[in-house]
Amino acid sequence: MLSKKIQTALAGSSAIRAMFIEGKELAAKIGEENVFDFSLGNPATPAPEALNDAVKALLDETDPLVLHGYMSNSGYEDVRAAIAKNLNKRFQTDFGAENIVMTVGAAGGLNIVFKAILDPGDEVIVFAPFFGEYKSYAANFDAFIVPVAPNYETFQPDLTAFEAAITSRTKAVIVNTPNNPTGVVYSPETMQGIGEILSKKEKEYNKEIYLISDEPYRELVYDGAKEDFLTKYYHNTIVGYSFSKSLSLPGERIGYIAVPNEVTDAKELLAGIEVANRILGFVNAPSLMQKAVAHCIEETTNLDFYDKNRKVLYEGLTKLGFTCIKPQGAFYLWLKSPVENEEEFVATAKKYNLLLVKGSAFGCSGYVRLAYCVANEKIVRSLDAFEKLAKEYKLCE
Ligand code: PLP
């Protein structure tokens with residue numbers, strides 16, 4: 001009864017979601033406080049107070065027919081103008097409202113961009129490890145992802161492998177920095193290199209190759225690092241943003257796509273993206289949330305909350321003998337499995353009520369991901385369980 005595509009999607013259903021559901025079941029059995037669930041990137045610090053205030057004021061003060069009504073498929077003009085102005089101030093760009101399309105989160109944004117640019121059989125290059133949903137999003141349009149292995153020392157993309165992976169069928173490349181699942185921030189040298197290779201390959205194949213920057217974690221950078229904005233590295237860059245993590249609003253489904261004027265035929269591309277928003281059935285991004293985020297454009301999440309977790313977890317785990325990539329951004333920690341088969345390691349961790357996600361879910365086996373967007377006291381208490389796990393693998397005495 002199910003379509004072939006959905007049968008395939010069901011069969012490969014998200015390991016992260018499965019672990020999250022398992023965590024809920026375990027919590028019902030042994031108590032929520034005894035489960036150390038590092039599976040899902042669901043922020044544990046609330047949306048800023050200003051967001052709640054904005055929602056309340058909007059409900060009280062705005063004409064409900066406007067607030068809850070249809071608008072342009074790209075979103076409210078004033079909201080898009082506010083976002084453009086904010087980006088221009090921060091990143092010296094020259095966006096206007098016409099360059100912005102409000103979306104149903106990053107996921108909705110990526111799907112409408114894919115709908116606008118992909119033909120069946122097209123290839124989308126992704127850098128492993130990568131957000132596993134990219135594969136499903138490409139499959140929605142009968143396109144394919146082509147994973148490129150990382151530099152395993154740094155988890156920056158391997159540029160030689162990247163260049164070799166580009167073919168005449170390559171239509172887009174996705175970068176996600178700060179990265180889910182590694183927590184690595186791609187260096188300016190990496191981005192420069194990607195931009196140069198793409199410019200060369202566009203000429204070689206005489207066609208557009210889009211760089212899609214998926215940036216739900218843009219502002220989540222630590223140790224005083226400055227957030228980067230990638231349009232400066234390559235002319236055909238499309239930015240996909242989400243407020244899910246930066247304002248702790250993942251359930252509200254709000255984000256945007258920004259297409260700079262220097263993108264080839266930018267106007268036409270924007271028109272395509274807008275129509276895709278409509279015909280994929282999103283129609284427009286949630287109206288109340290569009291208005292609310294526009295009021296909170298200067299707000300950021302509680303970075304200290306995540307930074308504290310990051311330090312406690314990284315220091316605690318390395319002290320116990322685990323090999324971890326030091327997270328520079330986002331709220332994920334990438335840990336090398338002490339045994340080759342990380343699924344075995346994930347299963348052993350579960351004995352101590354530690355829920356981790358296998359690296360193969362991100363196209364990179366031999367590693368596991370920990371989402372440390374959980375309460376700080378949970379991280380602290382989890383270290384006892386990690387100690388037992390480390391002892392089982394003889395990583396410490
Ligand atoms: N892209 C990456 C890299 C993500 O980590 C996520 C969510 O975790 C998404 C996209 C989807 O974000 P949204 O909830 O805004 O659709």
Side-chain angles (χ1 to χ4, degrees), residues 15-16 19-27 29-47 129 155 178-185 216-217 219-225 244-246 248 250 300-338 342 345-359 361-362 367-393 395-396:
I16 304 170
M19 192 60 100
F20 177 64
I21 291 163
E22 227 177 299
K24 292 276 168 230
E25 286 167 1
L26 194 60
K29 261 192 236 154
I30 64 169
E32 205 271 329
E33 70 284 2
N34 297 314
V35 183
F36 303 109
D37 186 352
F38 294 101
S39 64
L40 198 64
N42 210 5
T45 180
F155 279 91
N179 185 260
N180 173 12
T182 62
V184 165
V185 174
Y217 306 97
E219 290 85 7
L220 275 72
V221 286
Y222 307 108
D223 296 329
S244 293
K245 322 286 170 160
S246 63
S248 294
T300 48
T301 189
N302 184 352
L303 206 57
D304 289 343
F305 173 91
Y306 295 124
D307 196 17
K308 197 167 156 197
N309 285 358
R310 176 181 78 111
K311 286 181 176 142
V312 173
L313 197 59
Y314 177 73
E315 279 160 24
L317 292 177
T318 18
K319 224 178 257 171
L320 290 171
F322 289 106
T323 305
C324 311
I325 298 294
K326 189 169 187 191
Q328 302 162 299
F331 44 49
Y332 303 105
L333 184 139
W334 192 237
L335 183 147
K336 191 168 182 353
S337 166
E342 91 274 13
F345 177 61
V346 167
T348 312
K350 227 182 278 176
K351 283 198 315 198
Y352 302 103
N353 302 324
L354 291 164
L355 304 187
L356 320 174
V357 183
K358 59 182 180 182
F362 307 97
Y367 290 80
V368 297
R369 185 194 80 173
L370 284 76
Y372 58 82
C373 44
V374 299
N376 187 255
E377 62 83 24
K378 263 266 167 93
I379 304 253
V380 173
R381 283 195 297 114
S382 75
L383 290 175
D384 282 345
F386 276 114
E387 185 171 350
K388 290 183 191 128
L389 184 63
K391 281 187 176 149
E392 183 154 343
Y393 285 100
L395 299 177
C396 64

Does S248 reach the main-chain N or O of T45 with its side chain, forming a donor-acceptor pair under 3.5 Å? yes
Given 3.5 Å as the limit, does a donor-acceptor pair link the side chain of Q328 with the main chain of V185, or not? yes
Measure across E32 and K378 and return the closest heavy-atom pair with its distance rounded to 0.1 Å. O-NZ, 3.1 Å
Atom of N179, atom of T182 and distance for their closest heavy-atom approach: OD1-OG1, 2.9 Å
Between L40 and A371, the two heavy atoms sitting closest are O-CB, 3.6 Å
Just wondering, do P129 and P181 contact through their side chains at under 4.5 Å, heavy atoms? yes
Non-neighbouring partners of F38 that pass ring-ring contact (aromatic ring centres under 6.0 Å, His included), sequence neighbours left out: F386
Taking the side chain from R369 and the backbone from S39, do they hold a donor-acceptor pair closer than 3.5 Å? yes
Candidate pair D304 and K308, rule salt bridge (charged side-chain N to carboxylate O under 4.0 Å, His left out), full reasoning: CA-CA 6 Å; D304 289 343; K308 197 167 156 197; over 6 Å; no
So how far is it from R310 CZ to I379 CD1, rounded to the nearest 0.5 Å? 12.0 Å
Is there a side-chain contact (heavy atoms from CB on, under 4.5 Å) between F362 and N180 once you walk through the steps? CA-CA 9 Å; F362 307 97; N180 173 12; 4.0 Å; yes
Answer whether the closest heavy-atom distance between the side chains of L395 and P338 falls below 4.5 Å. yes
Measure from the side-chain N and O atoms of K388 to the backbone N and O of K351, and report whether any donor-acceptor pair falls under 3.5 Å. no
E219 side chain to S246 backbone, donor-acceptor under 3.5 Å: no
Can you name the nearest heavy-atom pair linking Y306 to Y372, along with the distance? O-CE1, 3.4 Å
Electrostatic pair E25:K29 at N-O distance under 4.0 angstrom: no
Working for side-chain contact (heavy atoms from CB on, under 4.5 Å), residues L383 and V312: CA-CA 9 Å; L383 290 175; V312 173; 4.1 Å; yes
Residue pair C324, K336: steps toward the side-chain contact (heavy atoms from CB on, under 4.5 Å) verdict: CA-CA 6 Å; C324 311; K336 191 168 182 353; over 6 Å; no
Taking NZ, NE, NH1 and NH2 as the nitrogens, is one of them in K319 or E387 under 4.0 Å from a carboxylate oxygen of the other? no
d(L320 CG, D384 CG) to nearest 0.5 Å is 9.5 Å
May I ask you to check whether F155 and Y367 place their ring centres under 6.0 Å from each other? yes
As an exercise, state the distance from CZ of F36 to OG of S382, rounded to the nearest 0.5 Å. 6.0 Å
Between L303 and L220, does a side-chain contact (heavy atoms from CB on, under 4.5 Å) hold up when you go through it step by step? CA-CA 7 Å; L303 206 57; L220 275 72; 4.1 Å; yes
Of the non-hydrogen atoms in V346 and V357, which two are nearest, and what is the gap between them? CG2-C, 4.3 Å
Nearest heavy-atom pair of K245 and P43: which atoms, and what distance? CA-CG, 4.3 Å
Donor-acceptor pair, Y314 side chain versus N309 backbone, under 3.5 Å? no
Rounded to the nearest 0.5 Å, what's the gap from OG1 on T323 to CG on L335? Could you check? 7.5 Å
Just how far is it from atom CD of E22 to atom CG of D37, taken to the nearest 0.5 Å? 9.5 Å
For the CD atom of E33 and the CG atom of N353, what is their distance to the nearest 0.5 Å? 10.5 Å
Sorted by chain and number, sequence neighbours left out, ring-ring contact (aromatic ring centres under 6.0 Å, His included) with F345 holds for Y393
